[in-house]
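For clarity, every value in this text was computed on a predicted model and none was experimentally measured. Hydrogens, waters and symmetry mates are skipped; everything else that's a heavy atom, side chains included, is used.
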Amino acid sequence: MRAFILTIFLVFCMALTAGAETKIGFIDMKAVIAKSEPGSKAMEQLKSQFKDMKDNLDTQKKALDTLKDELQKQSMMLSQEAKMDKETQYKRKVRDFQDMGQSYQRKLQQAEQSLSKPIIDKLLEVIESYGKKNGYTAIFDKQASGVIYGQDSVDLTNAILAELNKAMRGK
């Protein structure tokens with residue numbers, strides 16, 4: 001469906017600019033964000049900010065693995081009631097671990113969104129400015145638009161990456 005809409009849009013754009021030269025480019029937005037200076041800084045900030053949480057999850061995981069091993073080793077020696085107690089305790093700890101993991105995941109996503117929003121906003125400004133300055137009819141995100149093939153000459157990823165880095169340094 002997305003490809004169909006994109007095709008219709010492209011045909012419409014080409015029809016509107018039939019008399020003028022049509023110049024189309026694409027970029028890999030994820031690559032630009034990941035490789036840009038502000039994107040790298042944001043990723044480092046996220047890693048350091050959530051290191052304690054990851055360490056805590058790793059510790060909890062090791063404790064769960066130890067408890068599971070103990071349960072398996074002792075299952076033959078424990079009474080039915082003691083075995084059920086240990087299994088209930090293990091299931092509760094697994095559920096707590098999963099809840100903690102989901103909570104950390106939500107916090108990480110929120111932090112990632114808040115850190116990336118100014119970068120994405122600036123990136124969109126840079127793309128628009130670059131497109132106008134260089135006479136592009138349209139510039140598409142390689143991933144989101146479903147571009148399957150594009151000549152290297154219309155891949156603007158590196159040029160936009162350089163422009164974004166320059167624009168963010170000037171901030």
Side-chain angles (χ1 to χ4, degrees), residues 1-18 20-62 64 94-171:
M1 181 69 174
R2 179 186 265 173
F4 178 71
I5 293 171
L6 180 62
T7 304
I8 289 177
F9 176 73
L10 286 173
V11 169
F12 181 71
C13 285
M14 288 180 193
L16 287 177
T17 59
E21 178 187 346
T22 301
K23 193 171 179 184
I24 296 176
F26 65 87
I27 65 165
D28 186 344
M29 295 261 297
K30 284 184 181 179
V32 170
I33 292 169
K35 294 177 182 177
S36 69
E37 293 169 11
S40 297
K41 287 177 187 173
M43 188 56 71
E44 288 302 315
Q45 186 177 346
L46 271 178
K47 283 180 184 177
S48 67
Q49 185 176 349
F50 286 91
K51 184 183 182 328
D52 291 340
M53 287 184 188
K54 184 184 178 318
D55 291 345
N56 190 10
L57 278 176
D58 291 343
T59 302
Q60 293 288 335
K61 175 79 170 116
K62 285 180 184 175
L64 278 175
V94 167
R95 190 175 53 247
D96 291 345
F97 173 76
Q98 289 171 340
D99 290 345
M100 183 187 303
Q102 289 172 353
S103 172
Y104 285 171
Q105 189 66 34
R106 281 190 302 275
K107 289 178 184 178
L108 179 65
Q109 287 173 344
Q110 289 172 347
E112 185 177 15
Q113 285 175 352
S114 69
L115 286 173
S116 64
K117 183 174 177 1
I119 298 168
I120 291 171
D121 291 345
K122 191 62 169 180
L123 175 58
L124 294 174
E125 287 177 27
V126 166
I127 292 169
E128 184 176 344
S129 171
Y130 184 90
K132 287 178 181 176
K133 184 171 62 175
N134 293 291
Y136 280 88
T137 306
I139 298 176
F140 297 98
D141 178 6
K142 186 176 185 178
Q143 304 297 319
S145 67
V147 171
I148 296 172
Y149 171 76
Q151 291 180 349
D152 289 342
S153 62
V154 295
D155 185 351
L156 307 173
T157 302
N158 291 330
I160 296 295
L161 176 61
E163 291 290 321
L164 178 63
N165 285 338
K166 188 170 31 173
M168 292 300 280
R169 276 189 222 122
K171 240 180 150 180

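When all heavy atoms of Ala42 and Ile119 are compared, the pair lying nearest together is CB-CD1, 4.1 Å. Between Asn165 and Pro38, the shortest heavy-atom distance links the atoms OD1-CD, 3.6 Å. Nearest heavy-atom pair, Ser40 versus Ala34, reported as atom, atom and distance to 0.1 Å: OG-O, 3.5 Å. Among all heavy-atom pairs drawn from Tyr130 and Ala159, the shortest one is OH-CB, 3.6 Å.
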In sequence, state the C-alpha distance, the side-chain angles, and the governing distance for Met29 and Ile127, and then conclude on side chain to side chain contact (heavy atoms under 4.5 Å, CB included).
-> CA-CA 10 Å; Met29 295 261 297; Ile127 292 169; 3.6 Å; yes
Output, in order, the C-alpha distance, side-chain angles, deciding distance and verdict of side chain to side chain contact (heavy atoms under 4.5 Å, CB included) for Asp55 and Lys51.
-> CA-CA 6 Å; Asp55 291 345; Lys51 184 183 182 328; 2.9 Å; yes
Step by step, would you call Phe26 with Ile139 a side chain to side chain contact (heavy atoms under 4.5 Å, CB included)?
-> CA-CA 5 Å; Phe26 65 87; Ile139 298 176; 5.8 Å; no
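In this structure, CE in Met43 is found 10.0 Å from OG in Ser36, a value given to the nearest 0.5 Å. Between the CG atom in Leu123 and the CD atom in Glu163 there is a gap of 11.0 Å [rounded to 0.5 Å]. Distance check, rounded to the nearest 0.5 Å: CD of Gln113 to CD1 of Ile120 gives 9.0 Å. Of the inter-residue distances, the one linking Phe97 atom CZ with Thr59 atom OG1 reads 10.0 Å to the nearest 0.5 angstrom. Leu164 CG to Arg169 CZ: the interatomic distance, rounded to the nearest 0.5 Å, is 9.5 Å. With values rounded to the nearest 0.5 angstrom, Phe50 atom CZ is found 10.0 Å from Gln45 atom CD.
Without hydrogens or angle criteria, Thr137 side chain to Ile24 main chain gives no donor-acceptor distance under 3.5 Å. At distances below 3.5 Å, at least one donor-acceptor pair connects side-chain atoms of Ser114 with backbone N or O atoms of Ala111.
Screening residues 95-110 for side chain to side chain donor-acceptor pair (under 3.5 Å) gives Asn56-Tyr104 as the qualifying pairs, with residues at least two apart or on separate chains.
The number of heavy-atom neighbours closer than 6.0 Å to NZ of Lys23, taken from other residues, nucleotides and ligands shown, is above 12. Within a 6.0 Å radius of CE in Met53, other residues, nucleotides and ligands contribute more than 12 heavy atoms.
Between Asp58 and the options Lys54, Lys62, Lys61, a salt bridge (Lys or Arg N to Asp or Glu O under 4.0 Å) holds for only Lys54.
Between Lys122 and Glu125 there is a salt bridge, since at least one side-chain N of the basic residue sits less than 4.0 Å from a carboxylate O of the acidic one.
The side-chain heavy atoms of Glu37 and Met168, taken from C-beta on, include no pair separated by under 4.5 Å. The side-chain heavy atoms of Phe140 and Ile27, taken from C-beta on, include no pair separated by under 4.5 Å. Contact of the Thr157 side chain with the Lys142 side chain is not registered, since no non-hydrogen atoms from C-beta on lie closer than 4.5 Å.
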